[in-house]
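Contents: one structure, followed by commentary.
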Amino acid sequence: MSSVGERMYFSEWLQNEMNKRGWSQSDLARAADLNRAVINKLLNGKSHPQPATLEAISRALKIPLETTYRAAGLLPVNTDNDETVEEEI
């Protein structure tokens, strides 16, 4: 289960990605082949995206799926400095 903080982080991240492109909710909905209401709920933090939604958003934004999963809180934000992750030699 996700926390309110994760949903808010995702909504801010998504809004920032849309702003970078000058996209409206309708623009993203069209590019991702999603209903605009879905985008609106994500931006308002009223829903958490499902994997298929994240895939559609990644494809529309032309960014790696991993990036979108991290923004949604489904993967750790950054493992580069995580002491629990060991590098293979």
Side-chain angles (χ1 to χ4, degrees):
M1 180 173 260
S2 66
S3 71
V4 172
E6 287 173 349
R7 284 196 300 267
M8 289 311 296
Y9 175 79
F10 181 76
S11 67
E12 290 171 12
W13 174 85
L14 184 57
Q15 185 65 60
N16 185 46
E17 290 298 319
M18 291 168 54
N19 291 344
K20 286 181 192 176
R21 294 161 177 78
W23 284 8
S24 66
Q25 291 181 24
S26 295
D27 294 330
L28 177 57
R30 270 191 300 275
D33 196 26
L34 296 169
N35 188 302
R36 193 190 64 77
V38 171
I39 303 302
N40 184 270
K41 287 179 183 178
L42 292 172
L43 290 171
N44 288 320
K46 293 185 179 186
S47 71
H48 196 70
Q50 298 299 310
T53 304
L54 293 171
E55 290 174 25
I57 290 171
S58 291
R59 196 170 42 254
L61 298 176
K62 295 182 169 82
I63 59 174
L65 183 57
E66 179 181 336
T67 301
T68 309
Y69 268 62
R70 287 187 193 287
L74 299 176
L75 289 175
V77 174
N78 185 357
T79 59
D80 291 343
N81 297 323
D82 188 344
E83 294 175 4
T84 63
V85 178
E86 295 181 24
E87 283 187 35
E88 286 188 39
I89 298 176

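Index from 1, following the sequence.
- Within the 3.5 Å criterion, the main-chain N or O of E12 finds no donor-acceptor partner in the side chain of N16.
- Residues L74 and T68 form no side-chain contact, since every pair of their non-hydrogen atoms from C-beta on lies 4.5 Å or further apart.
- A salt bridge does not link E55 to R59: none of the charged side-chain nitrogens sits closer than 4.0 Å to a carboxylate oxygen.
- Among all heavy-atom pairs drawn from A71 and Y9, the shortest one is O-CD2, 3.1 Å.
- Rounding to the nearest 0.5 angstrom, the gap separating the CG atom in L43 from the CE atom in M18 is 5.0 Å.
- Minimum heavy-atom separation, S26 to R36: OG-CD, 3.2 Å.
- Atom CG of D33 has 12 or fewer neighbouring heavy atoms from other residues, nucleotides or ligands inside a 6.0 Å radius.
- Between the CG atom of L54 and the CZ atom of R70 there is a distance of 13.0 Å, given to the nearest 0.5 Å.
- Inter-residue side-chain proximity for W23 and I39 is flagged as unmet; no heavy-atom pair is nearer than 4.5 Å.
- Interatomic distance, Q50 CD to T53 OG1, rounded to the nearest 0.5 Å: 6.5 Å.
- The closest donor-acceptor contact from the side chain of N35 to the backbone of A37 lies under 3.5 Å.
- Taking a cutoff of 4.0 Å between a charged side-chain nitrogen and a carboxylate oxygen, D27 and R30 qualify as a salt bridge.
- Put simply, OG on S11 and CG on L42 are 8.5 Å apart, with the number rounded to the nearest 0.5 Å.
- For the 3.5 Å distance criterion, the side chains of Q15 and N19 qualify, holding a donor opposite an acceptor.
- Contact annotation: the side chain of P51 approaches that of Y69 to within less than 4.5 Å [non-hydrogen atoms, C-beta and beyond].
- Across T67 and W13, no two heavy atoms sit closer than the pair CG2-CZ2, 4.2 Å.
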Worksheet item: What do the steps show when you test L28 against L61 for side-chain contact (heavy atoms from CB on, under 4.5 Å), and what is the final call?
Response: CA-CA 8 Å; L28 177 57; L61 298 176; 4.1 Å; yes

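- Nearest approach of A32 to A56, heavy atoms of both residues: O-CB, 3.4 Å.
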